[in-house]
**Q** 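Mind having a look at this structure? Questions to follow.
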Amino acid sequence: MSIESFAFQLGAFQCIVVNDGTFAYPHPAQIFFVNAPKERLEEVLRKHKLDPERWEHYVSPYSTLMIDTGQHRVLVDTGAGDLEPTTGKLIPNLKVIGIAPEDVDTVILTHGHPDHIGGTINKDGRPAFPNARYVMWKSEWEFWTTEPNLAELKVDKSIKEAIIKVARRNLPPIQNKLDLIDHETEIVPGIRAVAAPGHTPGQMAVAVASHSQELLYISDVVIHPIHLDQPDWYAAVDFAPQQVVATRHKLLHRAAAENVLVQAFHFPFPSLGHITQKGDRWHWHPIETTG
Ligand SMILES: [Zn+2]
């Protein structure tokens, strides 16, 4: 199996992590851990075998999830589309594994950031998954489709404008095919929405369960594995830092206590692993992949 997709069984559900491509985030120490005290940050980076002086890029995959429940074909997040030359590989990668855009009946958008919704429309400006209903948290939809205020983000104005532009392009074309949810509900049998606000106002995590096996897709509750070790360090693109930290504690605790499989969108591909807890910190154990 190539690194473009990774298939696994979850109970009766066939799941495939599908890579939309990669993006090299520059200055990761500065953008992922904006409130970290300098000395402590250097210490933690060294512990994770990263040289504080030389860590210039973090190459993140954009790991979307395709779930075939037998009844439904559900896609979680649409990747970045043509945002970067290195992204927009979701649909070609789905085709390689025999899935056409028309086959997808449900698309869950966890939040309105470009790397999660950028592949929602095609080049003609129409929904890229023409037979799907789209699901988003209501407050998230309302935030991005009115006048999003990104004043709190610690990034340049040009980046804020780019983020808003992608939302303005990708969201309106799906408004007639949209189901908005405002509480933790079942989206299709076996797949539930989990509130995960903070990174954005209405970010959603997704719990997938079949025959007592469970997967928690935590989207951007954490962006880098160091966030498990230092759950109070937030990123420049986190909308409401205090809420980010609270959501992290809640979902990481749940993932560890229930020992569920976890998918973290930006973690090294296939972005799947388990989480263990030690005090108020957590640790990431990537699944073993062969071949
Ligand atoms: Zn993201």
Side-chain angles (χ1 to χ4, degrees), residues 17-34 57-66 75-84 86-90 93 107-120 135-137 140-141 143-144 148 150 152-156 159-160 162-167 169-171 193-206 216-228 231 233-241 243-245 247-248 251-252 262-273 284:
V17 179
V18 186
N19 196 355
D20 180 58
T22 57
F23 182 71
Y25 288 88
H27 313 297
Q30 286 85 352
I31 64 165
F32 293 155
F33 318 113
V34 282
H57 290 97
Y58 174 66
V59 179
S60 164
Y62 287 164
S63 296
T64 69
L65 176 65
M66 185 73 219
L75 174 68
V76 186
D77 287 334
T78 64
D82 59 5
L83 197 65
E84 301 289 338
T86 50
T87 62
K89 302 184 192 308
L90 171 61
N93 284 339
V107 175
I108 300 170
L109 299 172
T110 62
H111 64 289
H113 278 170
D115 47 330
H116 298 257
I117 61 163
T120 302
V135 184
M136 207 172 188
W137 204 270
E140 185 73 5
W141 173 266
F143 179 79
W144 293 106
L150 301 182
E152 293 298 316
L153 302 196
K154 290 154 190 70
V155 296
D156 292 346
I159 294 179
K160 292 179 188 176
I163 292 173
I164 291 172
K165 197 174 147 199
V166 174
R169 252 184 76 209
N170 281 273
L171 296 179
V194 176
H199 177 63
T200 57
Q203 181 179 234
M204 179 199 320
V206 181
L216 190 60
Y217 179 107
I218 57 174
S219 197
D220 288 5
V221 167
V222 286
I223 298 174
H224 187 277
I226 285 177
H227 286 134
L228 274 75
W233 291 357
Y234 57 88
V237 289
D238 281 333
F239 179 76
Q243 207 176 27
V244 166
V245 173
T247 290
R248 259 186 205 160
L251 292 191
L252 296 179
V262 172
Q263 181 174 345
F265 186 84
H266 290 283
F267 283 19
F269 196 82
S271 316
L272 294 168
W284 177 247

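Whatever order the structure lists them in is the order used to number ligands and atoms, beginning at 1. Quick note: numbers below take in every heavy atom, side chains included, and nothing from hydrogens, waters or symmetry partners.
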**Q** How long is the gap from CG on L65 to CG on L75, to the nearest 0.5 Å?
**A**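 That separation rounds to 8.0 Å.
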**Q** Could you list the residues that satisfy side chain to side chain contact (heavy atoms under 4.5 Å, CB included) with H27, not counting sequence neighbours?
**A**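 Side chain to side chain contact (heavy atoms under 4.5 Å, CB included) list for H27, sorted by chain: Q30.
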**Q** Considering only heavy atoms from C-beta outward, does the side chain of H199 approach that of S219 to under 4.5 Å?
**A**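 The answer is no, as the side chains (C-beta and beyond) never meet within the 4.5 Å cut-off.
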**Q** Have a look around the Zn ion (ligand 1) and list protein N/O/S atoms under 2.8 Å, or say none.
**A** D115 OD2, H116 NE2, D220 OD2, H266 NE2
**Q** In this structure, is the centre-to-centre distance between the rings of Y62 and H266 below 6.0 Å?
**A**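 Yes - the distance between ring centres of H266 and Y62 falls below the 6.0 Å cut-off.
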**Q** Do K160 and V155 touch side chain to side chain, with heavy atoms closer than 4.5 Å?
**A** yes
**Q** Of Y25, W233, Y234, which meets ring pair (Phe, Tyr, Trp, His ring centres under 6.0 Å) against F32?
**A** Y25
